[in-house]
There are 2 protein chains.
Amino acid sequence: MSMQESSGVALWRQVADGIERGIADGRFAAGEKLPGEMEIAETYRVNRHTVRRALAALAERGLVRAERGSGTYVEAQRLAYPLRSRTRFSEIVGAGGHEPRGQLIEAGEDIANREIARELCLKIGAPLIRIEAVRLADRTPICVSTTWLSAERFPDAGNVFANVHSMTKLLGHYGVKDYHRASTRITAAIADATDAARLDLSLGRPVLVVDATDVDMLDQPLVTKRSRFAAERVEFLVENG
Amino acid sequence: MSMQESSGVALWRQVADGIERGIADGRFAAGEKLPGEMEIAETYRVNRHTVRRALAALAERGLVRAERGSGTYVEAQRLAYPLRSRTRFSEIVGAGGHEPRGQLIEAGEDIANREIARELCLKIGAPLIRIEAVRLADRTPICVSTTWLSAERFPDAGNVFANVHSMTKLLGHYGVKDYHRASTRITAAIADATDAARLDLSLGRPVLVVDATDVDMLDQPLVTKRSRFAAERVEFLVENG
DNA sequence: TCAAGTTGTCTATGATACTAGACAACTTGA
DNA sequence: TCAAGTTGTCTAGTATCATAGACAACTTGA
């Protein structure tokens, strides 16, 4: 018997994703015992060895734990991430009982392409500061983001961010007392090699890609950014009404 | 030279995803010529044959078109999908210049688990109608959704939906004049085999998973649903303030 | 016309992925 | 204690993945 789907995704990986989805949506509760390897193999119509490889991958990521002679058990949970007009990473993570951390990867200069120029109401080719940062809850990386600011309005923003480790504090440094989210666009993709490494994700894992622009109290654009969230670690909450 | 990452995702697939991302975020504009196979191979540090397999996969999905002796050219676009309090699939798709279509896959009975009971303010074990449907823009499937309604309040809802092909019309049939979105939760996952087939996606493609509950004008819950959107075909827009 | 650059097709080889079967090591409950 | 059920480990064979090189077929621009 053979399974040729030729999707470019290994069978063990498909099984692992299936089990992970089961964990994420509650079919397998935390602490609960998974079905036996044989039963999983029959469910997915694959060999037991293929299931073992899937479970090994999940175990390595800390989602399950195998106990010889007994069974394989679940251990996981996702971070709830509300998308509000006032979106602050530190507050959201703190509210979830975790310690928020930010880490600068790289800061440099850039020039505005058409898209960024439109978002920030600048001219194409205008000088920008580009900040690459990773944000964590406790010791788990949650997202990496690329942030662009006008280099004219926020000179030396890269160095300031390196000191304060927070976008809110950075803006405060330039006299911005408060700001809020003007637009948010969400889609999903597969993490590229760089992001996967920074998020401590294995290759091929999905990320939620969020393009957002923050404005001040007069609706003047301040910063625009593209964040990539590890899909397996967060769940966005959109609150209407 | 060798590349052993052993992520469970074939190299050609990683290259294909990388190029697709480039198309999605505008690095490669529609109609534009991609870099030559040799150049792509050098970029990703893989063999030219691996690049060819990636391009073949993209060509089969209609994202690119190869012309012998000349080059490989892009052809694609994503559907903008605003997430508002008043979210109507048909209006969104229609506004984008496409023809919205809905298709019933299956309707049946179900009983409320804890999560659904909470969303619909019912007791655990309460009888439900479960509707599986796929929704398309022109002839392209955009999302599949599983919708749950109280079987007491909406008796025979499955047959009604089969006739009207629209959730808005179904609710109208029971006297609900207007409704709006109460909560929306978004995450991403890999499409399972069933969803992949229904969305005409190859295995391993990411989907945006949306859990949402609609309420009437008195904030009484009407329906709760879990939709899976083909990530490569949509882009969610969250509009704040 | 022609050279340079492009995609298309062939052969070949080694590494991984998947299947298959067998048995060991261990846990649990009767 | 013991049988049934669990995970862990070994061997082997087949198919797919990825690499490598060579050359054909075709397009483009000088």
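Just so you know, these numbers use all the heavy atoms, side chains as well, and skip hydrogens, waters and symmetry mates. So that the names make sense, note that chain A is the first sequence line, chain B the second, and so on, each numbered from 1.
One interatomic measurement links the two molecules: CD of Glu39(B) to C1' of dT7(C), which rounds to 15 Å at whole-angstrom precision. Distance, Arg65(A) CZ to dG8(D) P: 12 Å, rounded to whole Å. Across the protein-nucleic acid pair, His49(B) atom NE2 and dG14(C) atom P stand 16 Å apart, rounded to whole Å. Between Leu11(A) atom CG and dC17(D) atom C1' there is a gap of 14 Å when expressed in whole angstrom units. Leu55(B) has its CG atom 14 Å from the P atom of dT9(C), to the nearest Å. The CD atom of Glu67(A) sits 20 Å away from the P atom of dG5(D) (whole-angstrom rounding). Distance CG (Asn47(A)) to P (dT11(D)): 17 Å, rounded to an integer number of Å. Counting to the nearest Å, the P atom of dA18(D) and the CZ atom of Arg45(B) are 17 Å from each other.
Using a 4.0 Å cut-off between a side-chain N of Lys or Arg and a carboxylate O of Asp or Glu, Lys225(A) and Asp211(A) do not qualify as a salt bridge.
The nucleotide whose nearest atom lies closest to any side-chain atom of Arg68(A) is, among dT19(C), dA25(C), dA24(D), dA25(C). Closest to the side chain of Arg48(B), from the set dC10(C), dA17(C), dT7(C), is dT7(C). In the set dC17(D), dG8(C), dT27(C), dT27(C) carries the atom at the smallest distance from any side-chain atom of Ser70(A). Looking at the side chain of Trp12(A), the nearest of the listed nucleotides dG8(C), dT7(D), dC18(C) is dC18(C).
Thr146(B) and Arg228(B) share a donor-acceptor pair across their side chains, judged by distance under 3.5 Å alone.
The aromatic rings of Phe229(B) and Tyr81(B) lie perpendicular to each other, with more than 60° between the two planes, well past the 30° mark.
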Determine whether Ile19(B) and Leu34(B) satisfy the following criterion, side chain to side chain contact (heavy atoms under 4.5 Å, CB included), listing intermediate values before the conclusion.
CA-CA 9 Å; Ile19(B) 295 171; Leu34(B) 289 180; 4.1 Å; yes

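Partner assigned to dC23(C) is dG8(D), using Watson-Crick or G-U wobble distances below 3.5 angstrom. Nucleotide dA15(D) is matched to dT16(C) when pairs are restricted to Watson-Crick or G-U wobble geometry with both distances under 3.5 angstrom. Across all strands shown, dG29(C) forms a Watson-Crick or G-U wobble pair, both distances under 3.5 Å, with dC2(D).
Put simply, Arg53(A) has a side-chain N or O that comes within less than 4.0 Å of OP1 or OP2 on dA17(C).
Of the residues Val207(A), Leu136(A), Ile142(A), Thr194(A), the one that meets the side chain to side chain contact (heavy atoms under 4.5 Å, CB included) test with Leu199(A) is Val207(A).
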